[in-house]
Protein chains: 2
Amino acid sequence: MKRIAESTVRRLSIYLGFLEDINRRGTTTVSSEQLAKLGGTTSAQVRKDLSLFGSFGKRGLGYSVAELLGRLRQIMGLERRWRVCIIGAGKIGAALAQFEGFAQRGFDVVAVYDSNPARIGEMLGELRIRDVAFLERDAETEKFDIAVLAIPPRGAQKMADRVGRAGIGAILNFVAGQLTAPPKVAMRTVDMAMELEALSFALTNRD
Amino acid sequence: MKRIAESTVRRLSIYLGFLEDINRRGTTTVSSEQLAKLGGTTSAQVRKDLSLFGSFGKRGLGYSVAELLGRLRQIMGLERRWRVCIIGAGKIGAALAQFEGFAQRGFDVVAVYDSNPARIGEMLGELRIRDVAFLERDAETEKFDIAVLAIPPRGAQKMADRVGRAGIGAILNFVAGQLTAPPKVAMRTVDMAMELEALSFALTNRD
DNA sequence: ATAAGTTTGTGAATGATTTCACAAGCGTCA
DNA sequence: TGACGCTTGTGAAATCATTCACAAACTTAT
Ligand SMILES: NC(=O)c1ccc[n+]([C@@H]2O[C@H](COP(=O)([O-])OP(=O)(O)OC[C@H]3O[C@@H](n4cnc5c(N)ncnc54)[C@H](O)[C@@H]3O)[C@@H](O)[C@H]2O)c1
Ligand SMILES: NC(=O)c1ccc[n+]([C@@H]2O[C@H](COP(=O)([O-])OP(=O)(O)OC[C@H]3O[C@@H](n4cnc5c(N)ncnc54)[C@H](O)[C@@H]3O)[C@@H](O)[C@H]2O)c1
């Protein structure tokens, strides 16, 4: 299949969110124009995005909400649930571990690790914090799909490499500073300082 | 000035981070090739990015680290400090409020608000949680530059609009689901569920 | 002072993404 | 059935972003 642009994937996520809303409201069809309005884009963009994967609409009518929802879930790989472990039970790791919103979207946080003996064994919501020394052993039996990296920058690259070697295929990285994805591992980085700097730029260079 | 692409701004942030490292190490000059290696891009890209703002390099030699650092700080608006308030002292708001990394980059969290009477008055690190009812009054005297939105989705749009009316020029939004920036307000959204979905897509559609 | 070796800054070329524009398909209604 | 109104799917055009490639400018060595 053709390579799909990152911007397209982002928009697919957005459409999916709207479709879930619309579906809850009981509406059964939706047009590219409506989806575009909601998502702040154009109807041509919506149709182009969807056309990369097939043609799901009916001319004159629009898209069946239920069908499009199903197709998008399939495309995004959201027909299954994903097993997530969090590495680093600090401030941000704890917030993420206790966030219910992820499970609603199909991502189950099933384990939390730390290296600090003082934290290991403590409960974080339903989960007991485990010793990160057991990461590889657990990964083998528990088949984590995604690791969330929420540890200090020092040592983060080594931990990312360990995650890769443990056979976990994806990393959601919160560590600031440059981190290279291990081979064969999909990685996305959330860098909040960078977002703040983008706002600083916008405030400084606005007309 | 010409409109600057979002991707360019992101790279400038990255270059800035490296320059700070390099500067700490005491190195005095750096070439576009070196910056490119560190940032995972090409030297032509680095030069193109910088050339949008002027020409800061010396042919045959490269860029003066100190000068380029200064220029980039100026371009990004980081020669001053920014006053940040956090709205929503929940799990994620609390993690952000106590994160020291922001101050290191020039962003001072100077106030935290909540609407829950049980939380108002509590301390969060150095800061006492304030009643969000006072947001407008405080904004007038305390001149917040950026508001971090970390409240539940329900009511978030109204709060964003209040932030806009209070004269705060930028929002860093953590609320999932569609939020429209109020007029004249710069907004960046960090949507972690969307990042996870992008990983789901990558894991599902990898070759 | 000259030659050799680097590295910048930038037009031109290429590649990627978005927008345009419209034929073709579908539902509705008379 | 046929005409009408709406909306899709998609080539073509336009816009935007990246990469190429090289003259010009600088440093260093001799
Ligand atoms: N807190 C925030 O709001 C925030 C915001 C943006 C980025 N970040 C980034 O997230 C990361 C964590 O930040 P934080 O504020 O949660 O820090 P923190 O100090 O509160 O927590 C870090 C945790 O990681 C654990 N740890 C350290 N090394 C480990 C290892 N090798 N394996 C497992 N656990 C390990 C520590 O014991 C600690 O519990 C940092 O890299 C930071 O830059 C945090
Ligand atoms: N916790 C996470 O890891 C995480 C991850 C991604 C996104 N988010 C998003 O961040 C937001 C907050 O999440 P959380 O987990 O911190 O929730 P939370 O319930 O822990 O905290 C929300 C806080 O906001 C306060 N609040 C509610 N309405 C308010 C208002 N109008 N003004 C001021 N304060 C108000 C509540 O009293 C509460 O203290 C949510 O929108 C969530 O989707 C959270």
Side-chain angles (χ1 to χ4, degrees), chain A residues 1-15 18-19 22 27-72 75 194 198 201-202 205, chain B residues 1-15 18-19 22 27-72 75 194 198 201-202 205:
Chain A
M1 189 206 287
K2 209 167 42 267
R3 201 196 137 267
I4 304 297
E6 183 166 313
S7 50
T8 304
V9 177
R10 205 182 53 230
R11 283 191 302 267
L12 292 179
S13 260
I14 294 176
Y15 305 153
F18 291 138
L19 284 169
I22 291 171
T27 308
T28 60
T29 65
V30 67
S31 70
S32 58
E33 188 57 41
Q34 293 173 293
L35 278 175
K37 281 260 171 53
L38 291 168
T41 178
T42 66
S43 63
Q45 181 75 80
V46 172
R47 295 197 299 278
K48 200 54 124 190
D49 287 341
L50 297 178
S51 78
L52 294 171
F53 302 96
S55 62
F56 314 133
K58 277 213 185 11
R59 294 172 189 226
L61 192 57
Y63 302 87
S64 147
V65 172
E67 190 200 337
L68 190 53
L69 203 43
R71 296 299 198 114
L72 279 184
I75 290 164
M194 194 174 291
F201 180 86
N205 301 70
Chain B
M1 191 205 286
K2 209 165 41 271
R3 201 196 137 267
I4 304 299
E6 184 167 312
S7 51
T8 304
V9 177
R10 205 182 53 231
R11 285 192 300 269
L12 293 179
S13 259
I14 295 175
Y15 305 153
F18 291 137
L19 284 169
I22 292 170
T27 309
T28 60
T29 65
V30 67
S31 70
S32 58
E33 188 58 42
Q34 293 173 294
L35 278 176
K37 280 260 171 53
L38 292 168
T41 180
T42 65
S43 63
Q45 182 74 81
V46 172
R47 294 197 299 278
K48 197 60 117 182
D49 287 340
L50 297 178
S51 78
L52 294 171
F53 302 96
S55 63
F56 314 133
K58 275 216 187 8
R59 293 169 189 225
L61 191 58
Y63 301 86
S64 147
V65 172
E67 189 200 337
L68 190 53
L69 203 44
R71 295 299 199 118
L72 278 184
I75 290 164
M194 191 174 294
F201 180 87
N205 301 69

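In the text below, chain A, chain B and the rest are named by the order of the sequence lines, each starting its count at 1.
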Using a 6.0 Å cut-off, check whether atom CD of A:E6 has over 12 heavy atoms from anything other than its own residue.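 Counting other residues, nucleotides and ligands, CD of A:E6 stays at 12 neighbours or fewer.
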
Residue A:K48, side-chain heavy atoms: nucleotide from D:dT10, C:dG9, C:dA12 that is nearest: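 In terms of side-chain proximity for A:K48, the closest of D:dT10, C:dG9, C:dA12 is D:dT10.
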
Side-chain N or O of [X] less than 4.0 angstrom from OP1 or OP2 on [N]?
X	N	answer
B:R11	D:dT18	yes
A:Y63	D:dG9	yes
A:S32	D:dT7	no

Mind checking if A:S7 touches a base, just sugar-phosphate, or nothing, with heavy atoms under 4.0 Å?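 Answer is sugar-phosphate: A:S7 comes under 4.0 Å of backbone atoms only.
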
At under 4.0 Å between heavy atoms, what does B:A44 touch on the DNA or RNA strands: base, sugar-phosphate, or nothing?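 Touches a base.
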
Could you tell me how far apart [X] ([atom1]) and [N] ([atom2]) are, to the nearest whole angstrom?
X	N	atom1	atom2	value
A:D49	C:dT18	CG	C1'	10 Å
A:F53	D:dG9	CZ	C1'	15 Å
A:L52	D:dT8	CG	P	16 Å
A:F56	D:dT8	CZ	C1'	13 Å
A:L35	D:dT7	CG	P	12 Å
B:K58	C:dG5	NZ	C1'	18 Å
B:E67	D:dC26	CD	P	14 Å
B:Q45	D:dA17	CD	P	10 Å

Under 3.5 Å donor-acceptor, A:E67 side chain and A:S64 backbone: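 No.
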
If we ignore hydrogens and angles and just use 3.5 Å, is the side chain of A:Q45 paired with the main-chain N or O of A:T42 as donor and acceptor?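 Between the backbone of A:T42 and the side chain of A:Q45 there is no qualifying donor-acceptor contact (under 3.5 Å).
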
Residue met sooner reading DNA chain D from 5', once A:L61 and A:S51 are mapped to nucleotides: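 First, find each residue's nearest nucleotide; the 5'-ward one identifies A:L61.
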
Quick one: which of B:K48, B:R47, B:K37 gives a side-chain hydrogen bond (donor to acceptor under 3.5 Å, both in side chains) with B:S32?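 The option that passes is B:R47.
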
Most 5' of A:T8 and A:R47 on DNA chain C, judged by nearest nucleotide: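 It is A:T8 whose nearest nucleotide is closer to the 5' end.
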
A:L50 and A:Y63: CA distance, side-chain angles, deciding distance, side-chain contact (heavy atoms from CB on, under 4.5 Å) verdict: CA-CA 11 Å; A:L50 297 178; A:Y63 302 87; 3.7 Å; yes

Does a distance-only test, which skips hydrogens and angles, find a donor-acceptor pair under 3.5 Å between the side chain of B:R59 and the base of C:dT7?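 By the distance-only test, no, there is no pair.
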
